[in-house]
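All of these numbers come straight from a predicted model, not from anything done at the bench. For ligands, and for the atoms within them, numbers begin at 1 and follow the listed sequence.
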Amino acid sequence: MRKALALATLLLTVAACGGGGGTTTQSGPTKITLIQGLAGEEFYETMACGAKAKAKELGVQLDVQGPQKFDPTLQTPIVNSVIASKPNAMLIAPTDVKALIAPLTQAKQQDIKIILVDTVVEDPSIGLSRISTDNVKGGAAAAKALAEQIGDKGKALVISTDPGVSSVDARIKGFEEEIKASHPGISYLGVQYSHNDVSEASKIVNAALAKDPDLAGIFATNLNSATGAGSALQQAGKLDKVKMVGFDAGPAQVKQLQDGVVSALIAQLPGEIGAKGVEQAVAAVKGQPVTASIPTDATIVTKQNLNTPEIQKVLYKSGC
Ligand code: T6T
């Protein structure tokens, strides 16, 4: 596994420093490492594409690494090995708000410039710049979209990944606040956690349907939770009874939208998050001002607007 990762990293590095001119430090081209929340997942692969394109444009060296599961115990060793490789800067999507504080504090003490992309840690002193979707706003938009789909009444359930993941926790907060403030007809059943596992999300939906056969709506806070919840609704033949809104717009989710399994998707701009991350990292390495917080937009995707050029542009891809 480690040898394969080293080879993959080598391949990526060579590709990135093709660009002319380039940003250098006293010891050669600026080196940046992007540590994804989950390797191979379309959200983070699209982020890597945006980062690579920006790295090429700015002539910096970029390598991309990520754990095989969205799990701090798998991400921490990667952070430690990246620290040992002494990059000038690190872009990272921390997989837990607490668990990554210690390793990132180490990186900071090694004067590695840290840029947080997509997710954050609780310690505000970590991360010269924090770039992510406004997830509270995204969660509220999901609540409005779901309320519309279910006629503003009935039981609604949220399926998320794990508590302690800043992005999805913020989406839940936005959803709950919107339901509480403006949708008295909707009875909120609370949140259940899929541990970012597709089959776990399916199990949760099957159990929820058994407990509340009159369930009306589901908000799935991320790609894997949505994919699993959707396939359970499909298998249970409940597509006309239960409406779902999912965060993210990976290929599996777009298929679910086309098949009427999900009514709306909230698409983030991972490519832009990656590109802005590299920009901020280069500025930090050069000692130039960086922007502490950069919220990026999200777009509601429906069957009606799916084939428009604007929407086609924001759909996630599994490679560049
Ligand atoms: O929703 C994205 C990301 O924003 C979140 O932090 C973790 O899950 C995804 O990667 C999608 O699976």
key: Cationic N near anionic O, under 4.0 Å, K54 to E57   = yes
Are there any protein N or O atoms under 3.5 Å from the N or O atoms of ligand 1? List them with distances, or say none.
from: ligand 1; atom 1: 1 (O); to: R171; atom 2: NH1; distance (Å): 3.0
from: ligand 1; atom 1: 1 (O); to: D248; atom 2: OD1; distance (Å): 3.3
from: ligand 1; atom 1: 1 (O); to: D248; atom 2: OD2; distance (Å): 2.6
from: ligand 1; atom 1: 1 (O); to: Q268; atom 2: NE2; distance (Å): 3.3
from: ligand 1; atom 1: 4 (O); to: D118; atom 2: OD1; distance (Å): 2.7
from: ligand 1; atom 1: 4 (O); to: D118; atom 2: OD2; distance (Å): 3.4
from: ligand 1; atom 1: 4 (O); to: R171; atom 2: NH2; distance (Å): 2.8
from: ligand 1; atom 1: 4 (O); to: Q268; atom 2: NE2; distance (Å): 3.0
from: ligand 1; atom 1: 6 (O); to: D118; atom 2: OD1; distance (Å): 3.3
from: ligand 1; atom 1: 6 (O); to: D118; atom 2: OD2; distance (Å): 2.7
from: ligand 1; atom 1: 6 (O); to: S167; atom 2: OG; distance (Å): 2.6
from: ligand 1; atom 1: 8 (O); to: N222; atom 2: ND2; distance (Å): 3.1
from: ligand 1; atom 1: 10 (O); to: E41; atom 2: OE1; distance (Å): 3.1
from: ligand 1; atom 1: 10 (O); to: E41; atom 2: OE2; distance (Å): 3.2
from: ligand 1; atom 1: 12 (O); to: E41; atom 2: OE2; distance (Å): 2.3
from: ligand 1; atom 1: 12 (O); to: N222; atom 2: ND2; distance (Å): 2.8

query = Can you list every salt bridge (charged side-chain N to carboxylate O under 4.0 Å, His left out) pair that touches residues 78-87, not counting sequence neighbours?
reply = none
ask   = Do the side chain of S194 and the main chain of S160 share a donor and acceptor less than 3.5 angstrom apart?
value = yes
ask   = For the side chain of D259 and the backbone of V261, is there at least one donor-acceptor N/O pair under 3.5 Å apart?
value = no
note = residues 99-116 vs salt bridge (charged side-chain N to carboxylate O under 4.0 Å, His left out), sequence neighbours excluded, gives D111-K113
Residue list, side chain to side chain donor-acceptor pair (under 3.5 Å) with Q253, at least two apart or on another chain = none
